[in-house]
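Data first, discussion second: the structure below is written as structure tokens.
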Amino acid sequence: MFLDARTIDDGAELDADICVIGGGAAGLSIVDSLQKTKLRVLVVESGDLEPDSDTQALAAGTLSGRPYFDLDATRLRFFGGSTNHWGGRCVPLAREDLAVRDWIPHSGWPITFAELAQYYARAHAVIQLGPYVYDAVFLAGEMGEKLLPFHGDVLRTVMTRTNPLRFGEAYRDAVRSSDNITVLLNANVLTLEADGAGRNVSRARIATLNGKRCSVRARSYVAACGGIENPRLLLLSQQAGGQPFGNGHDTVGRFFMEHLLYSGGLLVVADDNTDYGIYAEAKEHDSSQLQAMLAFHPTFLAREKLPNLYFELEEQRGYGFSDGIEAISDILRSVASLRWPDKLGSRAAAILGDVDVLVDGTAEKVIGKPLFRDKPPLAFRLRSLGEQVPNPDSRVTLGTQTDRFGLPVADLAWQTTEQDIAALLQSFEIVAREAGRAGLGRVKLDTAEIGEVPLPTMRGGHHHIGTTRMSDDPRNGVVDRNCRVHGMGNLYVAGSSVFPTAGYGNPTLTIVALALRLAGHLQQELA
Amino acid sequence: MAAQLGRRGAVISALLTSAFGPAVTAPAGAAASRTAALGSPGVAVGAIMPVRAGQAIGPRASEVIAERTMHALVEVLERDLGATGVPGGVAGIEALRARIRQQVADDFTVGRIVKVDGWRLSLTEARLCALIACAGEDCRLGIN
């Protein structure tokens with residue numbers, strides 16, 4: 001059922017087995033797993049069923065690192081959380097993403113890929129993604145789609161699935177009719193209070209925007225309010241002696257990671273008679289939308305000591321897409337008025353192959369039609385989704401400004417390293433090399449920014465990762481392998497803030513998988 | 001030296017001429033004199049010139065390759081492509097085409113890649129473009 005914290009008695013104390021703070025993808029996945037069990041689950045949600053600006057303003061914070069999105073724009077604060085505006089793309093992490101990689105500082109998850117992967121199929125059901133199948137060759141065959149002809153052990157195609165499920169809408173009816181799930185709306189958790197020994201959370205203090213105060217007492221608590229608010233809540237909540245929860249080694253809020261989105265190159269494809277549409281747009285199959293991405297083989301990543309990433313290929317047909325073509329158009333202008341015999345032109349093209357598409361584009365601009373071809377060349381804009389190397393100096397802290405409740409807002413100092421940028425640029429160069437080697441086409445890289453570190457136009461993907469990272473060693477992380485906060489007996493964290501490394505995948509599928517895993521752990525522990 | 005250059009230039013020019021079919025109008029002026037230096041007057045340059053990729057990319061490519069003269073360029077292309085061993089006729093055309101493609105692929109494999117206006121091109125194709133440009137009006141290389 002739903003309760004509105006603004007309408008309950010001031011000073012009320014609610015009771016539950018599990019208090020989940022945040023009704024987004026992680027929190028509602030726990031709900032999905034625990035509904036119809038004997039456990040009484042109380043979800044404390046800052047917002048209502050619909051958005052409102054006053055609540056959204058509580059997500060505001062400050063930025064002190066490289067440029068980033070406004071914090072009150074990068075997350076949504078109402079039932080369903082940021083799934084109310086996400087794109088819905090999902091892909092599981094690769095096995096190697098969880099491994100210790102000696103070229104990636106602070107890499108290595110305390111759980112194995114198998115321990116995580118066993119939850120991916122259930123996560124698929126939660127997100128309504130269709131079958132848990134990602135084999136790109138198999139799926140392309142089923143769909144009758146062509147894959148780019150890269151061979152060898154450098155580049156490969158990976159498949160993604162997309163379903164932008166609005167969790168708030170999807171779970172509304174289930175919550176309404178549930179006997180054991182309660183969602184407390186318009187309830188902002190201010191801090192968590194510890195018991196006398198400081199080893200357990202004794203209650204969550206809650207306030208509403210209309211001035212009500214209440215609290216929740218539970219056997220276990222789960223912070224599931226995102227990669228910026230999770231560390232903020234821990235930093236605001238102090239054990240006896242003033243130590244923030246889980247911060248005995250100053251790890252809370254550190255290692256903030258994003259996926260590095262950089263649109264850095266153009267791949268012109270020689271064979272533009274083949275439809276590579278599965279890369280350009282998501283296509284309906286198996287009850288979800290499938291789209292292919294270009295990625296590196298794990299063995300190649302290890303050999304070259306690169307972080308993981310994939311490239312999204314945005315199709316561009318037409319001649320106005322390339323600065324390079326613009327640049328050479330002046331040179332061509334002087335010769336374009338000459339008439340070349342068609343047969344001669346086509347035979348010349350056969351010798352120099354795909355390079356001629358560059359010239360055709362210019363020819364169309366100058367004389368109104370391509371010289372060699374009867375249609376524009378096929379090109380893809382290359383956009384990376386790159387893994388960032390964990391960096392303790394990239395962090396969320398408490399800022400100097402305060403929110404409506406007088407609590408310090410989050411300050412985000414997102415940092416990138418030289419290793420991040422160098423690896424990203426190297427990855428583009430490798431695609432250029434492999435495209436030429438395979439005879440697939442040629443790549444133009446946006447050289448204007450190269451040499452400028454950090455890349456000014458590079459941005460993140462609204463993925464907030466790593467700020468309460470998982471580690472068996474409290475010196476290197478905030479939560480243990482069960483997502484329990486180090487030093488605390490009944491406090492857990494859910495969401496991408498527990499990822500020790502980001503991998504190449506959009507995080508939501510793994511967020512849901514880990515939340516289901518945590519729900520299972522809680523169910524066992526509280527049975 | 002001039003005779004040697006002429007012979008080598010003629011090998012490549014003739015092969016390209018064969019590949020491209022009948023010649024078109026030969027250039028005049030400075031381009032014509034360079035044509036003469038290549039040793040295959042009129043016909044060779046007329047055949048090479050329609051390769052618009054070369055015309056467009058060649059001038060910029062000339063700036064990033066190491067060879068500063070057509071002589072050096074012809075020599076290195078002849079060596080890398082084994083052009084002197086290519087037979088005449090249709091078989092020669094196919095053989096040269098295959099060698100160019102293989103050489104381009106090899107360039108990418110071993111990293112012989114040059115940057116021309118941001119484009120990553122194989123060294124061989126950049127050299128070919130530079131050579132072709134030198135048959136036109138925008139040659140940026142010396143003769144010898």
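First the proteins, then the strands, lettered A, B, ... as listed; each starts at 1. Remember, predicted model here, so these are calculated numbers, not experimental data.
- Residues B/K115 and A/E429 have side chains in contact (heavy-atom distance under 4.5 Å, counting atoms from C-beta outward).
- Taking A/L424 as the reference, A/L260, A/Y262, A/L309, A/S384, A/F428, A/L455, A/M458 meet the side-chain contact (heavy atoms from CB on, under 4.5 Å) condition, with sequence neighbours excluded.
- Across all their heavy atoms, B/W119 and A/R442 have their closest contact at CZ3-O, 3.8 Å.
- Put simply, CZ on A/R433 and CG on B/D107 are 13.0 Å apart, with the number rounded to the nearest 0.5 Å.
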